[in-house]
Each structure stands twice: as structure tokens, then as C-alpha cells.
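To keep things clear, I will list the structure first and then write my remarks on it.
Lettering follows sequence order; numbering is per chain, from 1. On a predicted model such as this, the values are computed, not experimentally measured, just so you know.
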Number of protein chains: 2
Amino acid sequence: MENLKNKILSYTPVNVADIDYIFQFYSKIHLRKGEKLIKPGDKVDYFYYLDVGCVNYYKMEKGEIKVLEFYTEDVFFTDLYAYVQNAPATCFLEATEDTTVYAIEKINVEKSFGKSHSLERFGRLSMQDAFVRTFTRIERLNNRTYEERYLRLLNKRPGLIQRVPQYLIASYLGLTPVGLSKIRKRLVKN
Amino acid sequence: MENLKNKILSYTPVNVADIDYIFQFYSKIHLRKGEKLIKPGDKVDYFYYLDVGCVNYYKMEKGEIKVLEFYTEDVFFTDLYAYVQNAPATCFLEATEDTTVYAIEKINVEKSFGKSHSLERFGRLSMQDAFVRTFTRIERLNNRTYEERYLRLLNKRPGLIQRVPQYLIASYLGLTPVGLSKIRKRLVKN
DNA sequence: TTTAGTCGTTAAACTGGTTTAATAAAAATG
DNA sequence: CATTTTTATTAAACCAGTTTAACGACTAAA
């Protein structure tokens, strides 16, 4: 759990006792390619840290897959809406390759954050970080062409295209597989 | 500052002493229609609470306005990227009508959150809330038509259309004034 | 009260996507 | 390893938006 520890400490100093305290609640989960952490209807009372692998956060709508996000190494994730609201999940969290995550139950998150002011601060700062990232994504969705968004994805998340099938990338970018194929064709020509 | 107090308490209990402590740092700011809180290049070291009025969060690109968000009554806001990174602003925060906000300096936010575990928790939970809202917006941007997005805006933020010129609404939705006009025409026909 | 500027609508031509369907290529499975 | 299934490409027809430009209504300023 060295990666997770460093991740936490990247946000704010936390003393060893508090780290140890919260670590007692984490359990390690192995997922084989295609296995799901969460599916619609599930209770969502775990918060996850992705150690190795890749998880696809998506929903099904009119029989179509709509990719919301790909979580890869060294990020926190869950179906946050359902987690916060105690609502049944409407999305899937599914490994796109063999994956290892660490999981902590919501009640133990709150317990740890309640016990330690530093851990609470880590929680705030990591949430702030997630918010800033998400907001800059909104900016792109509204103001960039699909081509710009595809090129940016290639640039900002190198390797993702090799790890994940292209039709999922297309969905993540908000277009169809056919549309992405055309954009790729256009790009090699120039 | 009763509204602000209730807003904080809506996230988590905070004792009166801690509320009073952070309140000493807030100052009230009146903005006339068109006045700017932030413009590109500015240092952003205040966090704001919108009490009454409306603030347009936007950027200029190739001479075009790109609206990112409209902040209205009872929300927290700032140019968060610049605030967090201590980077010069790249966006504007401009009142679209006469507006009253409360402002607190970043250093005093950190001081208050450092002093009070409950205030820190409020910070975490409000950030979580902001994150969840933003994430659900991403979902819409990727998976809904412009028409659906316009109808949803009418529904979820009634009154906004009357407060804000239509070309800004168009920009917020990611389309041109002409495009929005066509959608509106289509809608009255049906 | 005229004048200048802003805002929303409309029309026409255009464009970058979608949809549907066929086909090829690659991967999974018995 | 032969078969089935999944994934990516291509083509053709289509469509929901854009761009440009003109016009009328409203607003602000002199």
C-alpha cells in the first residue's frame, strides 16, 4: 500500500499513527478483466483507490454504452453520486484489464476523517483536486472540437488508447465508433 | 450573513465560536451590473459566496465568449484552478446584474480550516458536493442533445433565462446564438 | 427624439458529425 | 486450429448544427 500512502501524503502531511489507523480499514481487491466492482442497483458504500489496472466508469442507455471516465493507476474513485446520496448505483465500474484496487467502507472513511483532522484535510484537498480536474474537462467538452479532444487525450493519457478498445474511447469522447474512425483517417492524411 | 451561515450548517454542524471565527474574515462586496471580480492575469486569492445576484464565469477565446458557469444565489465560487494553483486567472468573473458577494482570503480559509476540524469538514463536504454536481454535468454534455440540455436548463434553473441574455445561455450550452434560436423555434412549433 | 449599438430571428449554403450496412481484421472460444 | 464473436474501417445518405449576412426590435446615449 506504499503507493496509496504516497498518494495521501502528496496532499498534506499526515502522521504515521493516522495513516496506520485508516490503513486498517483498507482491503485489497483483485479484479479479472471484465469483472465489475459496481453495477446498477448496487449499494455503493466503498471508496476505491486504483493501484494497478484500469476501470471503466460507464452507464447503459437505450442499449448503448456511455463511458464517463477511465480510472487508471494512482487515482481515487467510486460512483460518487450514489456513494454520497446513499442511492442505488446507476452506473457500472468494470475492469478493462486485470486490476488491483484498495477499498475502504464509507463508514470507516467517516470514522477516520472524524478521528484525524489531517485525514479530513486530505479528504478535502483530494476532493478539491478532483473537482478542478473535472471542471477543466467541462471546459473542453463545451469549447473543443472532437478532433482536438481526441488529440488531447492521446497527449494527456498516453497508453490509454492501447489499453482500451477504440469504441470505448469514442464513447468517452462523446462520438460514435464510426465518427472516431473518420477523425483518425483524417489525421493520418495530414 | 445569515444565508452564508445556513449554507455552512447545511453541510455539517459547526459550533458558534468556529462560525464566528471564520466570519471575522469575510467582507461584503457589492458589484454593479458589468463589474468584474476577476479578469485574466489577476491573482485569485479569494473564495466567494454569492448572496444575491448573478455572476458569469467565462473566458474569451479567439474574440469569442465561452461561458463556463452562471453562479446565482447561495453558492460558493471562485476561479478555482487559479485559486488552487496560485496561477494568474485565465477567466472572468463578472456580475450580469447588481450582485452582493461575501469574500474570504485564501490564507484565512486555510487558517480557519486549520483551527477548526468542523470547518475543515465543511470544506470537504462542500467540495464533494461541487464535484458531484460538476460530474453529472459532464454526463449531460457527452450524452444529451442540445435540445435536451436547453430544456433541462429551463427546468433546473427556472428564471435564469430571464436574467441572462440569450447569447450567453447559448454559449453556456455550447452552441451559437443562431443555433439556440433554431432550437427554440423548433420547440414552439411542437 | 434621433442615433448608434445590442440582441434575437431568419434564410441560405455549408460541414462535421450520425445512421445504417457491408466488409475486413483481430481476438476469444470450443 | 477452426469457428464464432468482437472490433475497426469504409461508403452513402442524412441531419443538426455552423457561418455569414440581413433585418427588425429594443435600449442607451447624446
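If you take CD1 of Ile65(B) and P of dT6(C), they are 13 Å apart, rounded to a whole angstrom. Whole-Å rounding puts the Ile161(A) CD1 to dT7(D) C1' distance at 15 Å. Between the CZ atom of Arg32(A) and the P atom of dA28(C) there is a distance of 13 Å, given to the nearest Å.
Side chain of Arg149(A) to backbone of Leu173(A): a donor-acceptor contact under 3.5 angstrom is found.
Stacking of Lys111(A) on the aromatic ring of Phe25(A) is not recorded, the 6.0 Å distance cut-off and the 45° axial limit not both being met. A cation-pi contact, defined as under 6.0 Å to the ring centre and within 45° of the axis, is absent between Lys7(B) and Tyr49(B). With a 6.0 Å cutoff to the six-membered ring centre and a 45° limit on the axis angle, Lys106(B) counts as a cation-pi contact of Tyr83(B).
Two rings, from Phe135(A) and Tyr81(B), have their centers 6.0 Å or more apart.
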Item to complete: Let me have a per-nucleotide readout for nucleotides 9-30 of chain D, 5' to 3', with B, S or -, counting only protein heavy atoms under 4.0 Å.
Response: BBB-----BBBB----------

